[in-house]
There are 2 protein chains.
Amino acid sequence: MTKQAETTIHDIAKYLNISASTVSRALNDNPLISEATRKKIRKVANEMGYRPNTLAANFRTKRTNTIGVIVPLINRHFFSSVISGIEDIAYSQGYTVSISQSNDNFQKETKIAKTMFNNRVDGVIVSIGMETKSFEHLELFLERKIPLVFFDRAVDEINAHKIVVDDFGGAYRVTKHLIEQGAKKIAHIGGPTNLKIYEDRKQGFLEAMKDAGLKTDKKLIIHNSLRHDDGVDAIRKLMDKNKKIDAIFCANDTTALSAIVYLKELGIKIPEDILVMGFSNEPFSRVTTPSISTVKQPGFLMGQKAAELLIHQINNKKADIKYQTLVMPTELLIRESSQKNVLNLH
Amino acid sequence: MTKQAETTIHDIAKYLNISASTVSRALNDNPLISEATRKKIRKVANEMGYRPNTLAANFRTKRTNTIGVIVPLINRHFFSSVISGIEDIAYSQGYTVSISQSNDNFQKETKIAKTMFNNRVDGVIVSIGMETKSFEHLELFLERKIPLVFFDRAVDEINAHKIVVDDFGGAYRVTKHLIEQGAKKIAHIGGPTNLKIYEDRKQGFLEAMKDAGLKTDKKLIIHNSLRHDDGVDAIRKLMDKNKKIDAIFCANDTTALSAIVYLKELGIKIPEDILVMGFSNEPFSRVTTPSISTVKQPGFLMGQKAAELLIHQINNKKADIKYQTLVMPTELLIRESSQKNVLNLH
DNA sequence: TTGTAGGCGTTATCAT
DNA sequence: ATGATAACGCCTACAA
């Protein structure tokens with residue numbers, strides 16, 4: 001029984017003097033098959049070391065039970081949380097998750113999309129890269145009726161389910177909070193505005209300023225890629241130009257940390273002299289000194305929701321789908337970096 | 001040309017009055033095909049919206065160009081770094097990466113392994129879960145000659161390439177450093193010792209103590225799952241039992257942070273009263289107060305190495321392979337939590 | 001409840 | 001340089 005070649009359903013069939021279809025049915029728990037034969041077949045399959053060739057089955061059925069996930073970067077807390085959530089649901093529903101990172105590179109993103117399509121994934125979950133401004137590579141999926149769900153970095157122009165964060169609201173509340181703490185000249189270090197999330201955060205900021213009757217100095221708004229070095233550059237520019245800033249709202253925690261470190265070096269005290277806030281609630285933001293006030297995004301939950309919507313769409317391909325945009329609530333985490341005159345609660 | 005059904009190489013062949021094999025060859029850049037026909041075929045394929053059915057090709061060739069990755073948890077900086085490194089190499093070599101998390105659950109790990117096998121992944125990269133003490137689910141791959149590479153949490157009993165960290169050496173140097181800082185009664189909060197990495201860290205600790213002529217009190221060694229709550233529990237027990245501890249070596253940064261927070265609450269000063277060290281260099285450890293001294297593991301690089309070894313093995317299945325264990329050097333990161341009488345360099 | 005037969009799209013072998 | 005043909009392992013009408 002230790003054959004070299006792989007055991008197939010035909011081998012089992014031959015051994016039992018039955019037909020391959022019966023074997024196939026039994027192994028797939030088709031109710032037509034009697035309990036007796038099913039058991040018999042199972043037993044022999046086991047003994048013969050049978051391993052279903054999912055590849056052949058997929059080819060035949062044109063389904064792969066695979067979900068493709070495209071993210072800018074795997075190694076980033078928010079994204080890995082989302083992936084973890086996706087995997088959680090996908091696994092429980094019998095799906096495999098295939099992940100690629102675009103590294104915020106448009107070319108790579110395009111190639112990944114093509115590869116996933118050619119691999120006939122059953123559906124795709126995407127968060128687009130910073131450089132992505134055209135979308136043919138994603139429209140491909142829609143044309144061929146392959147379900148597509150966006151999370152976080154969604155695309156307005158494409159009609160699909162979207163799981164996003166209330167960036168506008170989050171930014172609005174951040175700004176309002178800063179204003180309530182007495183800030184008047186608030187700077188904003190944002191991300192590239194071709195990404196809706198950063199545009200929304202900026203708009204939330206502007207709206208809150210307006211509603212409070214505060215003027216926004218355009219020079220106090222800087223956009224960059226929000227990496228560590230960008231943060232340092234931005235804060236340096238900001239401080240060179242204008243020394244009267246009393247608060248900075250950074251579009252992510254990395255930049256907020258860069259700002260804090262840089263300002264500390266200048267002898268500027270946080271929060272006493274300048275208030276700082278971030279966005280995303282990276283794990284480190286809780287434990288810095290001062291701890292960084294930020295906005296919590298429910299990454300794991302978003303991943304779960306995205307996977308649920310996607311799988312539902314996969315299972316109901318026929319139905320006309322009313323696409324929904326799930327706006328996940330954000331939570332304002334007020335910590336030390338944004339509170340004046342408060343006991344250190346840490 | 002807007003057919004409902006997918007365009008196949010046969011459609012292209014029919015359209016051009018040539019054979020499907022020629023089309024197949026042309027599309028695969030087989031040198032036998034003349035430049036002229038190749039171009040012609042490419043053009044038509046494009047116009048007809050042809051998408052290669054990788055599924056069919058995989059089925060035929062028995063290769064999937066897919067690497068399976070099994071990790072305890074995706075959403076953990078070290079692991080997501082490794083995954084990122086794997087993806088980096090895999091992508092550049094034309095492989096797709098399929099990832100699943102075991103959540104440190106043995107049952108899930110087993111099921112994942114089966115699924116990956118049935119999906120005929122070309123190779124697997126694994127870091128086993130905390131509960132994993134038997135290995136049939138992994139031996140399956142070896143029996144069927146499917147390359148398997150371990151990283152970090154490897155298995156002694158299985159003969160395969162392994163990318164591990166110098167846990168023993170790292171722990172030894174941690175301990176030596178603590179001793180040099182004047183510590184004499186050093187506690188160790190370690191992980192489950194069925195995992196070699198934690199056993200090694202413990203052994204490194206013990207060896208360094210011995211070499212320094214220090215006695216180790218067994219009551220000062222606690223093993224648990226190293227999650228946040230476990231850390232708090234462990235440090236509480238430690239402090240209840242014995243108040244004369246002057247240093248704690250934690251087997252990960254999460255536990256080190258738990259310890260620091262708990263000790264701070266007791267009014268104990270770090271590093272003045274008790275030195276604390278962690279392991280792994282989680283991003284947060286750099287920015288806590290005090291910053292946490294720890295051991296850096298090159299996650300991304302490990303992922304790259306693992307993928308390289310695996311792919312090499314996939315491409316050389318015939319050859320007898322001399323399995324190697326790559327022990328990646330660790331870097332001791334001395335920060336504030338372990339240095340007495342030093343200027344705050346932060 | 002089980003069997004028969006055909007085909008999914010591609011590649012590989014052999015022939016021309 | 002190109003064509004004809006078979007085969008990969010499985011599923012699914014349809015038949016019995």
Side-chain angles (χ1 to χ4, degrees), chain A residues 3-42 44-45 48-66 94 115 117-122 144, chain B residues 3-42 44-45 48-66 94 115 117-122 144:
Chain A
K3 282 189 181 174
Q4 281 300 59
E6 298 265 324
T7 307
T8 72
I9 52 173
H10 287 102
D11 299 328
I12 300 174
K14 207 172 290 169
Y15 183 84
L16 285 172
N17 265 320
I18 55 178
S19 81
S21 23
T22 303
V23 177
S24 171
R25 289 185 185 111
L27 260 19
N28 287 310
D29 286 322
N30 184 319
L32 287 175
I33 302 297
S34 75
E35 194 52 33
T37 41
R38 187 198 321 285
K39 269 191 183 161
K40 193 173 57 185
I41 291 171
R42 274 253 143 78
V44 172
M48 295 179 79
Y50 172 74
R51 290 276 144 198
N53 186 334
T54 310
L55 226 51
N58 288 345
F59 169 50
R60 176 62 232 255
T61 58
K62 300 182 190 301
R63 289 186 97 245
T64 53
N65 291 305
T66 296
T115 304
F117 182 92
N118 293 346
N119 273 309
R120 302 293 191 269
V121 292
D122 288 343
R144 305 296 182 100
Chain B
K3 281 190 183 176
Q4 281 302 58
E6 298 264 324
T7 307
T8 73
I9 52 174
H10 287 102
D11 299 328
I12 299 174
K14 206 172 291 171
Y15 183 85
L16 286 172
N17 265 319
I18 56 179
S19 80
S21 355
T22 304
V23 177
S24 172
R25 289 185 186 112
L27 261 18
N28 287 310
D29 287 320
N30 185 319
L32 288 175
I33 301 296
S34 76
E35 193 52 32
T37 39
R38 187 198 319 283
K39 269 190 183 161
K40 192 173 58 185
I41 290 170
R42 274 254 143 75
V44 172
M48 294 179 79
Y50 171 74
R51 293 274 144 198
N53 187 334
T54 309
L55 226 50
N58 287 346
F59 169 50
R60 177 64 231 249
T61 59
K62 299 181 191 301
R63 289 186 96 248
T64 52
N65 292 304
T66 296
T115 305
F117 182 92
N118 292 347
N119 274 308
R120 301 295 192 268
V121 293
D122 289 343
R144 304 295 183 100

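We name chains A, B, ... by the order of the sequence lines, and we start the count at 1 in each one.
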Without decimals, in angstroms, what is the distance between [X] [atom1] and [N] [atom2]?
| X | N | atom1 | atom2 | result |
| --- | --- | --- | --- | --- |
| A:Asp11 | D:dG9 | CG | P | 9 Å |
| A:Ile18 | C:dG3 | CD1 | P | 6 Å |
| A:Ile9 | D:dC10 | CD1 | P | 5 Å |
| B:Glu6 | C:dG9 | CD | P | 8 Å |
| A:His10 | D:dC8 | NE2 | C1' | 11 Å |
| A:Asn119 | C:dT10 | CG | C1' | 14 Å |
| B:Ile12 | D:dG3 | CD1 | C1' | 17 Å |
| B:Lys14 | D:dA4 | NZ | P | 13 Å |

Could a donor-acceptor pair under 3.5 angstrom be found where the side chain of B:Ser21 meets the base of D:dA4?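 Yes, a donor-acceptor pair under 3.5 Å.
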Is there a donor N/O on one and an acceptor N/O on the other, under 3.5 Å, for the side chain of B:Ser34 and the base of D:dT2?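 Counting by modelled atom types and ignoring angles, no donor-acceptor contact under 3.5 Å is found here.
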For residues 25-39 of chain B, pull every pair meeting salt bridge (Lys or Arg N to Asp or Glu O under 4.0 Å), keeping only residues two or more places apart or in separate chains.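 Pairs touching residues 25-39 of chain B that pass the test: B:Asp29-B:Arg38, B:Asp29-B:Arg42, B:Glu35-B:Arg38.
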Could you check whether any side-chain heavy atom of B:Tyr50 comes within less than 4.5 Å of a side-chain heavy atom of B:Leu27, counting everything from C-beta outward?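 Side chain of B:Tyr50 against side chain of B:Leu27, heavy atoms only: contact under 4.5 Å found.
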First encountered from the 5' end of DNA chain D, between B:Ala56 and B:Thr37: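 Per heavy-atom nearest nucleotide, the more 5' residue is B:Thr37.
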Under the rule for side-chain contact (heavy atoms from CB on, under 4.5 Å), what residues qualify as partners of B:Asn28, not counting sequence neighbours?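 Expected list: B:Ser24.
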Among residues at least two apart in sequence or on other chains, which ones pass side-chain contact (heavy atoms from CB on, under 4.5 Å) with A:Ala57?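 By the side-chain contact (heavy atoms from CB on, under 4.5 Å) rule, A:Ala57 matches no residue at all.
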For [X], give me all partners under side chain to side chain donor-acceptor pair (under 3.5 Å), at least two apart in sequence or on another chain.
| X | answer |
| --- | --- |
| A:Thr66 | none |
| A:Asn65 | A:Arg63 |
| A:Ser19 | A:Ser21, A:Thr22 |

Bend angle of the helix from C:dT1-D:dA16 to C:dT16-D:dA1, end axes from five pairs each (to 10°):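 For the helix from C:dT1-D:dA16 to C:dT16-D:dA1, the axes at either end differ by 30°.
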A:Asp11 (side chain) donor-acceptor with A:Thr8 (main chain) under 3.5 angstrom: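 Present.
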Do side-chain atoms of A:Asn119 reach the backbone of A:Val121 as a donor and acceptor pair under 3.5 angstrom?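 No; zero donor-acceptor contacts below 3.5 Å.
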Heavy atoms under 4.0 Å, any strand shown: does A:Leu55 hit a base, just sugar-phosphate, or nothing?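 A:Leu55: no heavy atom of the nucleic acid under 4.0 Å.
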Results of salt bridge (charged side-chain N to carboxylate O under 4.0 Å, His left out) for A:Arg144 - residues two or more places apart only: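 Only B:Glu6 meet the salt bridge (charged side-chain N to carboxylate O under 4.0 Å, His left out) criterion with A:Arg144.
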So if I take every side-chain heavy atom of A:Phe59 and compare against C:dT2, C:dG9, D:dG3, which nucleotide ends up nearest?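 Nearest listed nucleotide: C:dG9.
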Using a cut-off of strictly less than 4.0 Å between a heavy atom of the residue and any atom of DNA chain C, enumerate the qualifying residues of residues 24-32 of chain B by number.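 By residue number: B:Ser24, B:Arg25, B:Asn28.
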Give a yes/no answer on whether the side chain of A:Ser19 brings an N or O atom under 4.0 Å of OP1 or OP2 in C:dT4.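 Answer no for this pair, as no side-chain N or O of A:Ser19 is under 4.0 Å from OP1 or OP2.
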May I ask you to verify if any side-chain N or O of B:Lys62 is less than 4.0 angstrom from the OP1 or OP2 atom of D:dG9?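 Checking B:Lys62 against D:dG9: at least one side-chain N or O falls below 4.0 Å of OP1 or OP2.
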